[in-house]
Every structure is written in C-alpha cells, then in structure tokens.
2 protein chains.
Amino acid sequence: MDLFLSSFINKIDKKGRVSLPSTFRNALPKSNKNEIILYKSIKSDSIEGCGTERLKEISKRINNLDYFSEDYDDFSTSVFSEIIPTNIDKEGRFLIPDELKKYAKIQNEVAFFGQGFFFQLWEPKAGILKREESRKRLLKEKKSLRTILTQQNK
Amino acid sequence: MDLFLSSFINKIDKKGRVSLPSTFRNALPKSNKNEIILYKSIKSDSIEGCGTERLKEISKRINNLDYFSEDYDDFSTSVFSEIIPTNIDKEGRFLIPDELKKYAKIQNEVAFFGQGFFFQLWEPKAGILKREESRKRLLKEKKSLRTILTQQNK
DNA sequence: TGGGATTATATGGGCGTCAATGGGTATATA
DNA sequence: TATATACCCATTGACGCCCATATAATCCCA
C-alpha cells in the first residue's frame with residue numbers, strides 16, 4: 001500500500017537499536033529500503049521520519065521557492081540542516097540519534113505512529129495521549145472519521 | 001452488488017481467526033480481495049471495516065489539507081495511525097487485532113453487520129441489541145422502513 | 001421434481017517462515 | 001585505546017500457508 005499505517009510500540013535494546021515495524025519497512029521506496037531520514041517534528045515533541053524519496057520531493061518544492069525570499073532561507077535551513085539520514089541494519093533496526101531521543105523524551109520504548117506519507121516516533125505515553133486528543137477534537141467538531149472513510153469517491 | 005449486506009455470526013478459533021462472510025469477501029474490490037482495513041467505530045463500541053480501495057482517496061483528501069493546520073494533524077493521526085490493514089488468508093479468514101477486540105468486547109464470536117459501503121463487527125449480544133434499538137427508534141419516530149425501502153433509486 | 005453428486009463455506013490443526021529481540025565479535029573512528 | 005556501529009548468529013512467539021473435515025448450498029440428470 002506504500003503508506004505508513006497503524007501504530008506499534010517497540011523496545012530499544014541496550015545498544016540503542018529499535019526495529020522499524022515491518023509494515024513500515026515495506027512502505028519504504030523500492031529504490032532505498034535501507035535508509036530513512038529523521039527530524040524533529042515542527043508541531044510536537046516527536047520525531048518524524050520517512051523514506052529518502054520524500055526528501056527528494058521536499059527539496060524540489062523548496063527549490064521552487066524564490067531564492068531571495070525569507071521562506072527559502074527558513075525552509076532550506078530548518079529542513080536540510082536538521083535532517084538526519086539513518087541506516088537500517090539487516091534485521092530492520094536503526095539507531096535513534098541522542099539529540100532526537102532527548103527532544104522526544106524517549107527512553108526504553110518507542111511508539112511508531114503511521115501518518116500516511118511519513119511516520120512519527122513518540123514516547124509511548126505522550127503519543128497515545130496525543131492520539132486520543134486528536135480523536136476527541138475531531139469528534140467535537142463533528143468531522144468524524146466515519147464521514148471521511150465512507151464518503152463515496154467519484 | 002459490491003455492497004456489504006445482511007448479518008452473520010461467526011466463531012473465533014483458538015488462533016484468533018474468523019471467517020469474513022463469503023458475501024462480504026465478494027463485495028471487496030477486485031483490485032484487492034486479500035486485505036481489509038479495520039478501525040474503531042467512533043459512534044459505538046464496535047469495529048468498522050472495509051476494502052482498501054478507499055484508502056487512496058482518503059489519503060489524497062488529507063494530503064490536500066494545509067500541512068501546517070491543526071486539522072491536517074488531527075486527521076492524519078486519527079486516520080492513518082488508527083487504521084489497521086489486515087490480511088485475509090486463503091480460507092477467507094483474518095485476525096482481529098487485540099486492541100480492537102478489547103474495544104468491542106469481543107471474545108469467542110463476532111457478529112458481522114453489513115452497512116452498505118462498510119461493515120461492522122460487534123460482540124453478538126451487544127450488536128443484536130443495538131440493531132433492535134435502531135429498529136424501534138425508526139418505528140417510534142415513524143420514519144418507517146417502508147418509506148426508505150420504497151424510495152427507489154432512479 | 002426428487003435425490004444423489006458436486007462444490008462452497010466455515011472451521012480445525014500442523015508446520016515452516018518471519019518479525020522482534022538479544023548478544024557476540026569485527027571494523028571503524030576519534 | 002576507547003567508543004560507537006555494523007554484521008553475524010540465536011531465540012521466541014506470532015503469523016501465513018497448507019491440508020483436512022463437516023455442514024450447507026447448488027447443480028444436474030433421470
């Protein structure tokens with residue numbers, strides 16, 4: 001399906017390794033399944049990640065901005081300089097860089113949340129809380145999941 | 001017909017497998033009859049499911065939202081991280097993830113209720129009760145079934 | 001149209017494979 | 001040399017694939 005879907009909680013071992021959930025590995029681009037890019041989420045205390053293909057798309061978009069604009073500068077700096085390419089070993093595991101781990105307050109376990117075109121890494125409790133709040137907010141505003149899911153596509 | 005219709009009660013075996021009713025299997029999209037997506041119903045303690053073909057549409061819609069909006073975040077989280085893609089084996093069975101099973105209080109049996117474009121999984125007694133209540137409510141409010149049933153689609 | 005034969009569906013169980021995890025050791029880098 | 005990281009191997013439990021059976025549905029032909 002090539003989308004990052006559902007949620008998983010995996011352990012970090014003594015060496016700092018975590019398994020990227022198998023379904024997430026499968027969602028990585030065929031061109032490069034041995035590398036992901038990680039960066040601090042702009043919107044929350046979580047880490048975001050995705051395959052290297054997406055980075056190409058993003059850099060194209062930034063490249064289309066006016067070179068002399070503030071936007072170009074801001075995006076270019078905050079995106080490229082903050083991105084951390086990370087290798088996946090033969091068992092499907094990777095290391096979470098210390099700085100990112102601190103940022104997301106992650107210790108022995110990580111929650112993986114599919115976000116479609118990318119995914120997030122959370123300290124499990126914080127992540128689950130956030131997910132519940134999102135759901136509540138949608139319900140409150142009556143933009144129900146079911147509406148989206150059952151809407152007929154034409 | 002490609003609609004999920006009528007009701008069935010099937011058993012969950014020792015391994016946790018349940019048969020998706022044969023007519024439901026037939027209602028799955030030709031493009032992918034070996035996978036369904038499951039998610040918690042928002043309105044009730046039941047699980048909802050459908051074929052995978054809508055997922056692309058849904059992700060497009062979400063992708064069209066403003067990435068920096070709260071809505072994007074909420075939808076992305078509530079949809080992508082809560083959707084559970086599930087494989088159907090050659091006998092037409094699938095596993096109900098533990099978390100969903102708990103949510104719907106399902107144990108050894110599941111009631112399948114066709115809902116047209118999707119279907120619901122209920123703990124049998126709760127599901128039957130719910131169906132009776134729906135029916136009573138309809139009659140009470142004089143929105144007779146007959147009205148709906150005779151309103152034919154051109 | 002009756003009734004046996006064939007097929008489909010729901011269900012049960014064996015077994016191999018894969019995913020997640022743990023740990024030893026080699027290689028690299030500072 | 002000390003620290004970090006990659007590769008290799010091992011273990012466990014979950015899951016997928018295969019085969020089997022019983023009951024229900026359908027077919028087909030006399």
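As the structure is a prediction and not an experimental result, all values here were calculated from the model. Here is how names work: the chains are called A, B, and so on, in the same order as the sequence lines, proteins then strands, and each is numbered from 1.
- Asp98(A) places its CG atom 11 Å from the C1' atom of dA4(D), with the value rounded to the nearest Å.
- One finds a side-chain N or O of Asn87(A) lying less than 4.0 angstrom from the OP1 or OP2 phosphate oxygen of dA6(D).
- Using a distance-only test at 3.5 Å, with no hydrogens or angles considered, no donor-acceptor pair links the side chain of Ser19(A) to the main chain of Pro21(A).
- Residues that satisfy the side chain to side chain contact (heavy atoms under 4.5 Å, CB included) test with Asp66(A), not counting sequence neighbours, are Phe68(A), Ser69(A).
- Here Asn32(A) pairs with Asn34(A), Glu35(A), Thr52(A) under the side chain to side chain contact (heavy atoms under 4.5 Å, CB included) rule; sequence neighbours left out.
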> Checking side-chain hydrogen bond (donor to acceptor under 3.5 Å, both in side chains) for the pair Arg137(A)/Ser78(B): CA distance, chi angles, key distance, verdict?
Replying inline: CA-CA 10 Å; Arg137(A) 198 154 44 226; Ser78(B) 298; over 6 Å; no
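- Think of Tyr103(A) as one node in a network of Ile, Leu, Val, Met, Phe, Trp and Tyr side chains linked at under 4.5 Å; it has no links at all.
- Note on Lys40(A) versus Glu99(A): salt bridge recorded, some NZ/NE/NH1/NH2 to OD/OE distance being below 4.0 Å.
- With sequence neighbours excluded, the residues forming a ring pair (Phe, Tyr, Trp, His ring centres under 6.0 Å) with Tyr72(A) are Tyr67(A), listed by chain and number.
- Inspection of the Gln115(A) and Ser76(B) side chains reveals an N or O donor paired with an N or O acceptor under 3.5 Å.
- No option in Arg131(A), Lys130(A), Glu48(A) other than Glu48(A) meets the side chain to side chain donor-acceptor pair (under 3.5 Å) test with Gln120(A).
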Return the polar atom pairs (N/O with N/O) between nucleotides 26-29 of chain C and the protein under 3.5 Å, or none.
none

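- The backbone N or O of Ile106(A) lies less than 3.5 Å from no partner atom in the side chain of Lys101(A), so there is not a single donor-acceptor pair.
- The hydrophobic cluster containing Leu95(B), built from Ile/Leu/Val/Met/Phe/Trp/Tyr side-chain heavy atoms closer than 4.5 Å, comprises no other residue.
- Listed by first and then second residue, the ring-ring contact (aromatic ring centres under 6.0 Å, His included) pairs that reach into residues 19-54 of chain A are Phe4(A)-Phe24(A), Phe8(A)-Phe24(A), Phe24(A)-Phe119(A), sequence neighbours excluded.
- Judged by distance alone, the side chain of Thr86(B) and the main-chain N or O of Ile84(B) form a donor-acceptor pair under 3.5 Å.
- When the local axes at the two ends of the helix from dT1(C)-dA30(D) to dA30(C)-dT1(D) are compared, using 5 base pairs at each end, they differ in direction by 40° after rounding to 10°.
- Base engagement by Ser19(A) is indicated by at least one non-hydrogen atom pair under 4.0 Å involving a base atom.
- Residues from residues 100-123 of chain A lying near DNA chain D, meaning a heavy-atom separation below 4.0 Å, are absent.
- Rounded to whole Å, atom P of dA6(D) lies 12 Å from atom CG of Asn34(A).
- Listed by chain and number, the residues in a side chain to side chain donor-acceptor pair (under 3.5 Å) with Arg25(B) amount to none (sequence neighbours excluded).
- The stretch residues 7-14 of chain B touches DNA chain C through Asn10(B), Lys11(B), Asp13(B), Lys14(B), each having a heavy atom within less than 4.0 Å of the strand.
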> Just by protein heavy atoms under 4.0 Å, how would nucleotides 18-25 of chain D read 5' to 3' in B, S and -?
Replying inline: BB------
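- Within a 6.0 Å radius of NZ in Lys11(A), no more than 12 heavy atoms belonging to other residues, nucleotides or ligands are found.
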